[in-house]
Amino acid sequence: MYPDRVVSGMRPTGAMHLGHYHGALKNWIKMQSELPCLFFVADWHALTTHYDDPSVIERSTWEMLVDWLAAGVDPSQSTLFIQSRVPEHAELHLLLSMATPLGWLERVPTYKDQIENLSNKDLATYGFLGYPLLQAADVLIYRASQVPVGDDQVPHIEMMREIARRFNHLYGKEKGFEEKAQDAVKKLGSKRAKLYNELRTEYQQDGKDEALEQAKAMLDDAQSLSMGDRERLFGYLEGSRKLILVEPQARLTVASRLPGLDGRKMSKSYGNSIALREDKASVEKKIRTMPTDPARVRRTDAGDPARCPVWQFHQVYSNNDTQEWVVKGCKSAGIGCIECKQPVIDAIVKEQEPMHERAQQYLDDPSLVRAIVADGNDAARKLALETMRDVREAMGLAYT
Ligand code: SF4
């Protein structure tokens with residue numbers, strides 16, 4: 001019905017580290033050549049947990065954007081923008097909040113987890129409870145078909161789908177819908193109209209999902225329809241409502257996890273991270289001093305890669321031959337740890353070289369980043385306004 005589109009955002013955390021690169025950015029870079037992608041800095045989301053210290057948001061936003069570009073997010077392929085520069089996200093959030101049951105928000109698993117994990121902060125706020133709804137608005141406003149997420153975020157996408165469904169159910173009602181839908185069927189031309197009606201019956205009477213998919217594909221190809229008729233025909237297939245908001249699918253990220261230098265999750269706050277654009281000397285020092293299997297006290301002691309964080313780096317960075325060399329050499333004390341770490345250092349330095357190069361132009365001329373984002377803000381806003389026009393109309397707010 002609407003074109004396939006990916007939406008994903010990140011809170012502005014400042015300079016990114018290699019854990020972010022392997023966990024999310026690499027996936028963005030892959031997706032941008034496959035589908036239209038919108039990537040945004042979720043600066044309002046930063047306020048849901050850091051409302052008492054907004055001073056870092058601006059700097060963190062620009063640092064993070066330079067890192068995205070350095071990593072290879074390509075503004076000629078994807079749209080980069082800042083959430084707060086598209087204020088329609090807030091409007092949709094507000095409108096969705098009117099009909100979203102409180103229980104849906106309270107049962108989001110990360111809500112309770114975060115309240116417990118961040119017990120040093122007072123998160124008993126309206127904004128924090130509502131952040132999954134703001135996330136829903138961030139995605140639904142672009143009628144995104146796919147959202148890349150890790151396993152832990154799947155319940156959020158489920159909730160977005162429920163919200164879209166509820167919205168369509170409540171506001172997709174239209175006076176004379178049935179007649180208008182039937183008129184729209186006629187506009188398909190007699191052959192297609194016949195097929196549409198057959199497929200609709202097969203789906204509604206016999207529950208055949210293939211019939212629904214086939215009918216949707218046929219509507220995708222029917223270029224001559226107006227947007228309103230298209231929404232009606234998609235809605236008419238499944239029931240008696242227009243489809244205004246699109247239910248997004250979770251696209252599970254198959255990311256290689258890069259742990260921190262001490263084997264825990266890589267995080268700036270644990271002091272175990274390597275920045276995306278860390279300089280070479282510092283990378284060498286950090287890897288050389290990285291802890292290894294505690295049982296390998298002397299060079300002659302045999303070790304076990306399973307107990308060593310360096311091995312986890314090899315799993316991300318090394319090919320099979322090198323990995324075999326590590327396992328054999330470690331278990332037989334044939335190699336020393338410094339020797340074992342060298343291929344990891346080389347691989348990280350090599351990975352970072354193009355990142356340093358790409359970043360340099362943006363560091364030399366920060367107005368380039370501003371211009372990319374200004375274009376992205378405009379492009380995103382245009383799409384958001386299209387959806388909001390339909391949303392306002394459906395909710396009876398389009399009067400003058
Ligand atoms: S040889 Fe490599 S895998 Fe084994 S303990 Fe040393 S650094 Fe770790």
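Order of appearance sets the numbers: ligands from 1, and atoms from 1 within every ligand. Just so it is clear, the values below take in all heavy atoms, side chains as well, and ignore hydrogens, waters and symmetry mates.
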Report task. For residues Lys331 and Ala302, report the shortest heavy-atom separation together with the two atoms involved. Result ->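 Closest heavy-atom pair between Lys331 and Ala302: O-CB, 3.1 Å.
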Report task. Please could you name the atoms of ligand 1 that Thr292 approaches to less than 4.0 Å, counting only its heavy atoms? Result ->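 Those of ligand 1 that fall under 4.0 Å from Thr292 are 5 (S), 7 (S).
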Query raised in the report: Is the closest heavy-atom distance from Lys341 to ligand 1 below 4.0 Å?
Result: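 No, Lys341 has no heavy atoms under 4.0 Å from ligand 1.
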Query raised in the report: Taking the non-hydrogen atoms of Cys308, is any one of them nearer than 4.0 angstrom to ligand 1?
Result: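 Contact check Cys308 vs ligand 1: positive.
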Who's the nearest protein heavy-atom neighbour of [atom], and how far?
| atom | value |
| --- | --- |
| atom 6 (Fe) of ligand 1 | Cys337 SG, 2.3 Å |
| atom 1 (S) of ligand 1 | Arg296 NH1, 3.1 Å |
| atom 4 (Fe) of ligand 1 | Cys330 SG, 2.3 Å |
| atom 2 (Fe) of ligand 1 | Cys340 SG, 2.4 Å |

Taking [X] first and then [Y], would you say they form a salt bridge - that is, a charged N and a carboxylate O separated by under 4.0 Å?
| X | Y | answer |
| --- | --- | --- |
| Lys186 | Asp183 | yes |
| Glu351 | Lys26 | no |
| Lys286 | Glu278 | yes |
| Lys216 | Glu238 | yes |

Query - Non-hydrogen side-chain atoms of Phe167 and Leu95 separated by less than 4.5 Å - result: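 With C-beta onward as the side chain, the pair stays apart.
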Requested in this report: Quick one: look at Asp293 and ligand 1, take heavy-atom pairs under 4.0 Å, and tell me if it's side chain, backbone, both or neither.
Outcome: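 Both parts.
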